[in-house]
2 protein chains.
Amino acid sequence: MGKKLADRKVLSFENIKIACKNCSLVSLCLPMGLEPEEMDRLDRIIKRSRPLHRGDHLFRDGDALQCLYIVKTGSVKSYAPSEEGGEQVLGFHLPGELIGLDAIENSRHNCSAKVLETSAICEIPFTNLEELSTSIPSLQHQMYRLLSREISQDENMLTLLGKNSAEERLAAFLLSLSARFKRRGFSPYDFYLSMSRHEIGNYLGLAVETVSRLFTRFQEERLLEVERKHIQLLDLERLENLSKRSHNDKDRIHST
Amino acid sequence: MGKKLADRKVLSFENIKIACKNCSLVSLCLPMGLEPEEMDRLDRIIKRSRPLHRGDHLFRDGDALQCLYIVKTGSVKSYAPSEEGGEQVLGFHLPGELIGLDAIENSRHNCSAKVLETSAICEIPFTNLEELSTSIPSLQHQMYRLLSREISQDENMLTLLGKNSAEERLAAFLLSLSARFKRRGFSPYDFYLSMSRHEIGNYLGLAVETVSRLFTRFQEERLLEVERKHIQLLDLERLENLSKRSHNDKDRIHST
DNA sequence: AAATAGACTTGATCCAGGTCAAGCTAAAAG
DNA sequence: CTTTTAGCTTGACCTGGATCAAGTCTATTT
């Protein structure tokens, strides 16, 4: 309990309530490319609440769409719960990433999102955002870009699940994390996983055991060093090669 | 050759060059919900070219984004080609569906799209569309909705590929087609597949042989009648049950 | 410090669906 | 008409990764 208080102090208002223009993420986040005046207008509709803790939900499948969410610090997973209690992990979200875009279609969330570790989150009421984007063309453009990017990413993921082997999937996953950490100014070689093996497996369409065995094997092959959540990538190049299916590509479809 | 001329006559200008307001797809297409005056403005930027033929490309992976495309009649597949000549089928598109949305992010197409049969296509120069959507809020809203819907669909597909068995995938695929035909005023029970078994398998992450065997089995079980491309669904309810994974849902992730 | 529990690892076994091989069919080309 | 070819089906076999079954390790609780 005393611990939690301390935690709060460390990340509190100085860090959380800063405006977009003072935020280190500005160059890869929603306000990217806006003029200072436009950024202020956006800033005024963004809510910055106290930090959320592991397991807290941003929203649940079926909730009415109120806000879109951006990770400021920490990480979030989104997932589609199934009736029977199972789930499909749809994505892991790092700082600067916009969450909840699949809810615009019918004003209702199509998946759930919960934070994986203590996280600061920016909330953006969608109605206000939409209005604002009508009067700020570059904000509208940025929205189109972010929605489009989400589609591209999902399509990549479809290819990964449709065509790639277990080892290709895990290698691609680690490289994706690595690249995203790098863009955020963190080490691309040395990082901590905020998600469990189970969640990684679920995301990649693999059993936990398979993920575990692959970590062991990758370590034996000196591709990486792993100790629980701590990952050190030792050979990005070989991982890169592993992640691209080199082998059987015989399902080429004949053109007409 | 005489045949082709006849074809052209049948679908030519009367049918192809009609304005949105006279198009039967208006209620499920981009102009959905626009005022007549707004629809005219949209109409003015849309190009309607002569029909394309099987195998013609709308665009190829890497092309600069010029237009988004809407199927008017016929069908289109989008796919991610891989270096080695293979491909991952990303989707099949029926009349009223918008194609190319993943290109907005970086103004370059991230996949290819080719027509599966003789098809009429509306082309919408994206720059014009974006401008127009700045001055027509309901058009902007519709764009957000369509982009969001694409994300939801891709997420559904991720779940299908990540969690479902071969039989669940094929059942879900057939039901999806059935529902989409229904919305377009066609029979949900009786339709023709415009894609090959190979393409279906590729899309669903299955080998052709598996798709073929499943069709045979579904027919033996009186779920459907299949003869080459012609499908008759005999028992939607049982197909529905098949498509939802009823069995092992033991990968529930423990909450914290 | 002992107990409990969740997360992870490792080994043994199994099977859904992939791969390989052969033949069939229909439609297009000659 | 016959031939060719691409698409589809069916059977036999094989394998990657799932499942089952024990542990082990860490962290939290008591």
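Residue numbering restarts at 1 for every chain, and letters A, B, ... go by the order of the sequence lines. Note: hydrogens, waters and symmetry copies are ignored here, and every other heavy atom, side chains too, is used.
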Could you tell me the separation between the [atom1] atom of [X] and the [atom2] atom of [N], rounded to a whole number of Å?
X	N	atom1	atom2	result
Glu168(A)	dG16(D)	CD	P	12 Å
Glu227(B)	dG7(D)	CD	P	18 Å
Lys163(A)	dT19(C)	NZ	P	10 Å
Leu170(B)	dG17(C)	CG	P	12 Å
Asn202(B)	dG18(C)	CG	P	12 Å
His230(A)	dT26(D)	NE2	P	15 Å
Met195(B)	dA6(D)	CE	C1'	18 Å
Leu161(A)	dA18(D)	CG	P	12 Å

- Query: Which residue lies toward the 5' end of DNA chain D, Ala166(A) or Arg197(B), if each is placed at its nearest nucleotide?
  - Reply: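 Looking at DNA chain D, the more 5' nearest nucleotide goes with Arg197(B).
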Heavy-atom donor-acceptor pair, [X] side chain to [Y] backbone, under 3.5 Å:
X	Y	result
Ser75(A)	Leu94(A)	no
Arg54(B)	Thr118(B)	no
Arg197(A)	Arg228(A)	yes

Quick check: Phe191(B) with Phe186(B) (ring centres under 6.0 Å apart)?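 No, the ring centres sit 6.0 Å or more apart.
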Please tell me if the side chains of [X] and [Y] come closer than 4.5 Å, counting only heavy atoms from C-beta onward.
X	Y	answer
Pro188(B)	Arg183(B)	no
Ile200(B)	Val89(B)	no
Leu101(A)	Leu68(A)	yes

Between protein and nucleotides 23-25 of chain C, what N or O pairs are separated by less than 3.5 Å?
none

**OP:** Report the residue from His93(A), Lys114(A), His109(A) that forms a side chain to side chain donor-acceptor pair (under 3.5 Å) with Ser78(A).
**Re:**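 Result for side chain to side chain donor-acceptor pair (under 3.5 Å) with Ser78(A): His93(A).
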Check: Testing Asp102(A), Asn110(A), Asp154(A) for side chain to side chain donor-acceptor pair (under 3.5 Å) with Ser152(B), which one passes?
Finding: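 Looking at Asp102(A), Asn110(A), Asp154(A), the match for Ser152(B) under the side chain to side chain donor-acceptor pair (under 3.5 Å) is Asn110(A).
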* For DNA chain C, the residues among residues 204-226 of chain B that have a non-hydrogen atom under 4.0 Å from it ->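 Hits under 4.0 Å, by residue number: Gly205(B), Leu206(B), Ala207(B), Glu209(B), Thr210(B), Arg213(B).
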Q. Distance check: side-chain N/O of Lys229(A) vs OP1/OP2 of dC8(C), anything under 4.0 Å?
A.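 Checking dC8(C) against Lys229(A), a side-chain N or O does come within under 4.0 Å of OP1 or OP2.
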